[in-house]
Colleague: 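Handing you a structure now.
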Amino acid sequence: MTATTFSLPSGASARPRLTRSRTDSRIAGVCGGLAEHTGIDALLWRVAMIALTLAGGSGILVYGLLWLLMPAADQAA
């Protein structure tokens with residue numbers, strides 16, 4: 001197999017690494033980290049997590065998994 005390399009289009013910037021935020025943190029920094037990575041406001045991520053929690057409890061599971069799997073911002077290599 002051959003390796004394929006992809007390049008960003010001109011004018012596009014790479015997204016920051018997905019890490020838990022140390023500056024925009026309410027509980028563990030998960031929503032703040034998602035906001036930094038995607039460019040969507042952290043408040044909208046928090047509302048989405050609350051909506052998922054109220055709609056069956058999956059928000060707690062998703063938040064917990066992200067808390068465990070996302071490295072903290074200062075631990076990112």
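Numbers for residues simply follow the sequence, beginning at 1. Note that this is a predicted model, so its numbers are computed, not measured.
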Colleague: Do you know the tightest heavy-atom contact between Ala28 and Trp67?
Modeller: CB-CE2, 3.3 Å
Colleague: Going from CG on Leu69 to CG on Leu18, what distance comes out if it is rounded to the nearest 0.5 angstrom?
Modeller: 10.0 Å
Colleague: Are Ile60 and Leu34 connected into the same hydrophobic cluster when the rule is that any two of I, L, V, M, F, W, Y join if their side-chain heavy atoms are below 4.5 Å apart?
Modeller: no
Colleague: May I have the step-by-step check of side chain to side chain contact (heavy atoms under 4.5 Å, CB included) for Arg46 and Arg26, ending in yes or no?
Modeller: CA-CA 10 Å; Arg46 291 180 182 115; Arg26 294 290 179 255; 3.4 Å; yes
Colleague: So Val30 and Trp45, side chain to side chain contact (heavy atoms under 4.5 Å, CB included) or not? Walk me through it.
Modeller: CA-CA 9 Å; Val30 171; Trp45 283 109; over 6 Å; no
Colleague: Rounded to the nearest 0.5 Å, what separation is found between the SG atom of Cys31 and the CD1 atom of Ile40?
Modeller: 11.5 Å
Colleague: For Ala35 and Ala42, which heavy atoms make the closest approach, and how far apart are they?
Modeller: CB-N, 3.5 Å
Colleague: When hydrophobic residues are tied together by side-chain contacts of less than 4.5 Å, even through go-betweens, does Leu61 share a cluster with Ile27?
Modeller: no
Colleague: Could you measure the distance from the CG atom of Leu68 to the CZ atom of Arg20? Nearest 0.5 Å is fine.
Modeller: 8.5 Å
Colleague: Just how far is it from atom CE of Met49 to atom CG of Leu66, taken to the nearest 0.5 Å?
Modeller: 5.5 Å
Colleague: Determine, using the 4.5 Å side-chain heavy-atom cutoff (strictly less than), whether Leu52 and Leu43 are members of one ILVMFWY cluster.
Modeller: no
Colleague: Show your working on side chain to side chain contact (heavy atoms under 4.5 Å, CB included) between Glu36 and Thr23 and close with a plain yes or no.
Modeller: CA-CA 10 Å; Glu36 291 171 5; Thr23 57; 3.9 Å; yes
